[in-house]
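Below: one structure, written as structure tokens.
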Amino acid sequence: MKKINIGDIELNVRQDGQGPPLLFVHGFPLDHTMWNQQIDEFSKDYNVIAPDLRGFGANALGSDTVSMAKLADDLATMLNELQVTRPVVFCGLSMGGYVGWQFWDRHSDRLDKLILCDTRAAADSTETAEARRETATQVLSKGAGELIESMLPRLFAKTTETKAPALIHATRRVMESTEVRTIAATLLAMAERPNYEPRLAEISVSTLLVCGEHDLITPAKEMEQIAAAIPGAQFVEIVGAGHMAPLEQPVAVNRAIREFLERQV
Ligand code: MLT
């Protein structure tokens, strides 16, 4: 892991391989290790960059408030510090996708292609945003145990639970090691994130959308609709996966990513 100074804090970043830059951005409340199987595959011929976002992994949170825009700006600063000048392929899962819309919006000169896994373009409904704010307060006073117990079963397909329990244990460990201050601040940031649905038709970079067939958090149907709204975008449903498709079905996800990258080159 490299430590990259981005101004107020340092980001821990895993960087492996040589070739065009391919940036992997994790979901909530996780870290870069969710991409281990993509890092192994794509570092053969890409410059793979997999950071932990502000507050996640071993990173400090810095200021008390964050936003999806700030997380995207952090990534642009990190790329400057890594001297990556070539536009990147941005691949984000769920919250990483929310950061992806911001990266497209704010740093389009740095973006070559977009890959969005198990995410949504819409903002939270009023009820969901309110529930996130309540959870943020609860997490600060009582810890993240309840959030983790309610979230974990919704992340994985039933078959993953039976065939690959080690993946779920590893994910639980990452969630449990994330600081409550980060969890609370990021819940508030997700509740405030803007709605990108009205902007989808403006996206002119090549875009791939990937979603687990059994995703309960960001359903495949909704991602198919996002794909239909982005000119020329492709949608791939990952059989046998839930919300954590890249972790649950890495072979199928890596194939979809590779076919997309090679078709578009
Ligand atoms: C994630 O996986 O990043 C979260 O489920 C996103 C969310 O809570 O909206």
Side-chain angles (χ1 to χ4, degrees), residues 23-35 38 50-57 59 66-72 74-75 90-103 115-139 144 146-157 160 167-168 170-180 182-197 209-212 214-223 226 238 241-249 253:
L23 175 62
F24 285 106
V25 183
H26 63 80
F28 167 86
L30 304 173
D31 67 13
H32 77 281
T33 57
M34 63 150 287
W35 297 111
Q38 284 67 45
D52 291 335
L53 295 170
R54 178 180 287 272
F56 294 92
N59 294 338
V66 286
S67 64
M68 295 299 115
K70 188 178 177 96
L71 297 179
D74 286 348
L75 295 176
F90 185 112
C91 178
L93 178 128
S94 201
M95 178 185 75
Y98 308 157
V99 178
W101 305 123
Q102 296 284 342
F103 195 86
I115 304 174
L116 299 155
C117 307
D118 301 272
T119 192
R120 54 167 42 115
D124 281 352
S125 65
T126 313
E127 298 73 36
T128 304
E130 194 42 43
R132 285 211 210 258
R133 291 189 196 101
E134 279 166 22
T135 308
T137 308
Q138 187 195 57
V139 160
E146 227 171 90
L147 168 79
I148 294 170
E149 291 322 316
S150 67
M151 199 172 167
L152 204 53
R154 291 168 55 76
L155 291 180
F156 295 96
T160 307
L167 284 184
I168 300 172
T171 304
R172 173 191 287 280
R173 275 200 301 276
V174 173
M175 292 168 100
E176 286 174 346
S177 65
T178 307
E179 284 198 22
V180 290
T182 296
I183 293 181
T186 312
L187 283 166
L188 297 179
M190 289 195 287
E192 296 301 321
R193 74 186 194 281
N195 179 13
Y196 272 94
E197 276 181 341
L209 295 106
V210 173
C211 191
H214 303 298
D215 190 332
L216 298 173
I217 298 178
T218 53
K221 269 246 153 323
E222 191 175 324
M223 287 206 78
I226 299 174
I238 304 297
H243 187 62
M244 298 301 298
L247 194 58
E248 297 179 84
Q249 296 293 340
V253 170

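Numbers here are sequence positions counted from 1. Just so it is clear, the model here is predicted, and its values are computed rather than measured. Whatever order the structure lists them in is the order used to number ligands and atoms, beginning at 1.
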- [ ] Step by step, work out the salt bridge (Lys or Arg N to Asp or Glu O under 4.0 Å) result for Glu192 and Arg133.
- [x] CA-CA 10 Å; Glu192 296 301 321; Arg133 291 189 196 101; 3.2 Å; yes
Task: Trp101 to Ile226 - nearest heavy-atom pair and separation - done: CH2-CG2, 3.9 Å
Open item on the list: Using every non-hydrogen atom in the two residues, find where Ala184 and Val139 come nearest and quote the distance to one decimal.
Closed with: N-CG1, 4.5 Å
Take every heavy atom of [X], measure it against each atom of ligand 1, and state whether any distance is under 4.0 Å.
X      : result
Arg132 : yes
Met151 : yes
His243 : yes

Task: His26, portion touching ligand 1 at heavy-atom distance under 4.0 Å - done: neither
- [ ] Looking only at distances, please establish whether an N/O atom of ligand 1 is found under 3.5 Å from an N/O atom of Gly27.
- [x] no
Task: N or O pair under 3.5 Å between Met95 and ligand 1 - done: yes
Task: Nearest-neighbour protein heavy atom for atom 9 (O) of ligand 1, which is reported as residue plus atom name and distance - done: Tyr98 OH, 2.5 Å
Task: Heavy atom of the protein closest to atom 3 (O) of ligand 1 (residue, atom name, distance) - done: Phe28 N, 2.8 Å
Open item on the list: Run the side-chain contact (heavy atoms from CB on, under 4.5 Å) test on His243 and Leu216 for me, step by step, so that the C-alpha distance in whole Å, both residues' side-chain angles and the decisive distance to 0.1 Å come before the verdict.
Closed with: CA-CA 7 Å; His243 187 62; Leu216 298 173; over 6 Å; no
TODO: May I ask you to list the atoms of ligand 1 that are less than 4.0 angstrom from any heavy atom of Ile217?
DONE: 5 (O)
Task: Contact atoms of ligand 1, heavy-atom distance to Ser94 under 4.0 Å - done: 1 (C), 2 (O), 3 (O), 4 (C), 5 (O), 6 (C)
- [ ] Answer yes or no: does atom CD of Glu146 have more than 12 heavy-atom neighbours from other residues, nucleotides or ligands under 6.0 Å?
- [x] no
- [ ] Please report the C-alpha distance between Tyr196 and Gln102 in whole Å, then the side-chain angles of each, then the deciding distance to 0.1 Å, and finally whether the side-chain contact (heavy atoms from CB on, under 4.5 Å) criterion is met.
- [x] CA-CA 9 Å; Tyr196 272 94; Gln102 296 284 342; 3.6 Å; yes
Task: Under 3.5 Å: donor-acceptor pair, side chain of Arg120, backbone of Tyr98 - done: no
